[in-house]
Amino acid sequence: MSEVRVRFAPSPTGAPHVGNIRTALFDYLWARHTGGKFILRIEDTDQAREVENGLDLILGSLRYLGLNWDEGPDIGGPYGPYRQSDRLQLYTQYTQELIDKGAAYYCYCTPERLEEMRKEQLARGESTRYDRRCRFLTPAERAAREREGLPRVVRLAVPLDGETTLHDFIHGSLTIANRDVDDQVLLKSDGFPTYHLAVVVDDHLMKISHVLRGDDWIPSFPKHVLLYQAFGWEIPPHGHVPNVLGPDKKKLSKRHGATSVIQFRDEGYLSEAMLNFLALLGWAYDDKTELFTREQLIELFTLDKIGRAPAVFDRNKLDWMNGVYIRELSDAQLAERLLPFMMGAGLVTDLGTVQRMVPLFRERLKKLSDIVSLADFLLVQDLEYDPHLLVGPKMDKATTLTALRTAQEVLESFSSFEDETRIEAELRTASDRLSLKYAQFFGALRVAVTGRTVSPPLMGSIRLLGREKTLWRIDWAIHALETS
RNA sequence: GCCCCCAUCGUCUAGGGGACUAGGACGUGGCCCUUUCAAGGCCAAAACUGGGAUUCGAAUUCCCAUGGGGGCACCA
């Protein structure tokens with residue numbers, strides 16, 4: 001079997017969304033599984049839609065997930081260039097070949113006329129398709145237009161009847177009647193190719209062995225098949241992978257909220273969690289296994305296990321999986337990943353401090369960015385909260401004050417707060433002495449120390465906060481409640 | 001409007017004629033643990049879109065319907 005060569009071919013029109021990257025992941029996994037090559041090709045043939053940092057967004061997305069490529073615009077390779085705008089001569093050359101073979105023709109229709117034509121077709125209830133006016137021009141008519149120097153495009157001369165079939169290793173046999181296929185523009189008037197021409201020429205020239213792409217491309221496969229046939233090239237195996245949908249079951253778009261993989265990275269989704277989750281969108285290994293390392297995915301990924309039905313992107317499950325991966329990290333590893341998020345939020349601290357904090361938060365994190373709202377009370381100077389929060393359920397002001405003063409006394413008797421176990425024991429004793437439920441006693445203390453009713457474990461928080469800060473906060477709480 | 005694709009719990013999915021009282025996971029509900037919230041453990045509810053056909057036997061095969069989605073650019 002010849003070498004597997006698969007490509008991810010995005011256009012630099014914005015940040016790749018999870019659907020695109022999921023497809024790239026399948027490419028990557030197949031390449032690694034087979035020991036083949038994963039190729040990155042930039043399809044920048046639409047100057048109008050291009051975004052300035054488009055390339056960086058693509059590279060950043062792939063790097064985040066560790067989908068490293070073997071050939072690409074930045075590193076080159078034996079079949080470059082890997083940016084279609086650098087390959088324009090190739091496309092004109094192959095277009096000429098098509099024209100010579102009678103498989104394509106020049107079209108001089110103006111955009112205005114085409115729009116007019118479409119409007120009329122719509123009015124008549126027909127489907128909108130180029131009416132092929134220029135396809136049957138006499139040599140004299142064509143010569144006249146050339147003399148006028150009219151702008152021209154090149155169109156594919158689709159057979160008037162018959163049908164075109166593509167064998168797809170995911171869907172089986174796909175067939176579309178030629179009469180339903182448009183005479184697609186192959187070369188635009190600005191000399192750039194359209195996707196249809198470029199993808200066929202490049203896939204062939206770059207010796208792509210398997211084409212994996214979103215199933216929204218199914219309707220245009222006849223154009224590609226026809227091109228392969230016109231050139232006399234062998235058609236590589238194609239697989240149209242299921243799309244990734246939003247919760248409303250519609251194609252993913254910006255109005256679904258965060259959809260670009262970069263956004264997920266910036267919110268603190270671990271690369272390994274994202275990778276695992278994405279792999280399960282349209283692919284499954286068996287009826288049980290849910291968690292896969294990169295190495296396992298590479299080993300177990302096969303094309304025949306790719307599904308056909310579109311998959312809804314489920315944030316809930318992603319959150320769960322991210323939590324699983326977060327909990328698997330060591331304190332040191334997690335601290336390192338957390339630090340940038342804390343710094344970013346202005347919670348200045350150092351790696352050592354974060355590492356000491358990690359045990360308190362690790363199982364409370366869905367994503368790394370959660371650390372900010374969870375841990376800020378430890379690092380902030382002054383707490384801001386409503387003193388009425390101190391008085392919990394089944395408590396009154398007087399009892400709360402007693403509880404706080406008692407806790408204060410107990411804590412003051414310790415010179416260091418390092419011994420959580422002893423402190424807790426003494427506080428429990430104190431609570432018992434007051435005949436309070438632990439929930440009542442510790443509830444008040446919790447608000448005094450953390451400023452909220454929900455917090456990480458109290459004893460651990462007190463230890464990290466330290467003697468001085470803790471006592472000061474209790475003091476503040478007592479005064480605040482007294483004067484409220 | 002025309003063409004195409006898809007169809008198992010709310011979601012991701014296993015299943016490829018009898019092993020299905022249809023399995024797992026997320027989410028949901030309950031219980032346990034517990035000074036809050038989590039995490040963890042246990043339990044529960046929850047699906048084969050409908051109708052024909054083939055067959056001794058269909059979630060699994062074939063038709064039709066319905067539903068959902070996608071495509072119909074000098075965009076990819």
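Here is how names work: the chains are called A, B, and so on, in the same order as the sequence lines, proteins then strands, and each is numbered from 1.
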Using a cutoff of under 3.5 Å, can you pull out all pairs of nitrogen or oxygen atoms linking the protein to nucleotides 9-12 of chain B, with atom names and distances?
from	atom 1	to	atom 2	distance (Å)
B/U11	OP1	A/K249	NZ	2.7
B/C12	OP1	A/V312	N	2.9
B/C12	O2'	A/L280	O	2.9
B/C12	O2	A/K317	NZ	3.3

What are the atom names and distances for every N/O pair under 3.5 Å that joins the protein to nucleotides 21-23 of chain B?
from	atom 1	to	atom 2	distance (Å)
B/G23	N2	A/D287	O	3.2

Hey, what are the protein-to-nucleotides 37-43 of chain B N/O distances that come in under 3.5 Å?
from	atom 1	to	atom 2	distance (Å)
B/C37	O2	A/R364	NH1	2.7
B/C37	N3	A/R364	NH1	2.4
B/A38	O2'	A/E363	O	2.4
B/A39	O3'	A/R327	NH1	3.3
B/G40	OP1	A/R327	NH1	3.4

Which pairs, protein N/O on one side and nucleotides 72-76 of chain B N/O on the other, fall under 3.5 Å?
from	atom 1	to	atom 2	distance (Å)
B/C72	O2'	A/T128	O	3.0
B/A73	OP2	A/T128	OG1	3.0
B/C74	OP1	A/R118	NH2	3.0
B/C74	OP2	A/R155	NH2	3.3
B/C74	O2	A/S189	N	2.9
B/C74	O2	A/S189	OG	2.7
B/C74	N3	A/S189	OG	3.0
B/C74	N4	A/C109	O	3.4
B/C75	OP2	A/K188	NZ	3.1
B/C75	O2'	A/D46	OD2	2.8
B/C75	O2'	A/R49	NE	3.0
B/C75	O2'	A/R49	NH2	3.3
B/C75	O2	A/R49	NH1	3.3
B/C75	O2	A/R49	NH2	3.4
B/A76	OP1	A/T45	OG1	2.7
B/A76	OP1	A/K188	NZ	3.0
B/A76	OP2	A/Y195	N	3.1
B/A76	O4'	A/R49	NH2	3.4
B/A76	O3'	A/E43	OE1	3.1
B/A76	O2'	A/S11	OG	3.0

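Residues meeting the salt bridge (Lys or Arg N to Asp or Glu O under 4.0 Å) test with A/E299, sequence neighbours left out: none. Remark: A/D86 engages A/R83 in a salt bridge (Lys or Arg N to Asp or Glu O under 4.0 Å) (not counting sequence neighbours). For A/H224, the ring pair (Phe, Tyr, Trp, His ring centres under 6.0 Å) criterion is met by A/Y195, A/H196, not counting sequence neighbours. In terms of the ring pair (Phe, Tyr, Trp, His ring centres under 6.0 Å) criterion, residue partners of A/W283 (sequence neighbours excluded) are, by chain and number, A/F292, A/F301. A search for salt bridge (Lys or Arg N to Asp or Glu O under 4.0 Å) contacts involving A/R133 returns nothing, not counting sequence neighbours.
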Output side-chain donor-acceptor pairs under 3.5 Å for residues 365-374 of chain A, partner residues at least two apart or in another chain, one line each.
from	atom 1	to	atom 2	distance (Å)
A/S369	OG	A/E267	O	2.7
A/D370	OD2	A/K366	N	3.0
A/D370	OD2	A/K367	N	3.1
A/S373	OG	A/D370	O	3.3

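Within residues 421-437 of chain A, the residues having any heavy atom under 4.0 Å from RNA chain B are, by residue number, A/E424, A/R428. Of the residues in residues 88-96 of chain A, not one places a heavy atom less than 4.0 Å from an atom of RNA chain B.
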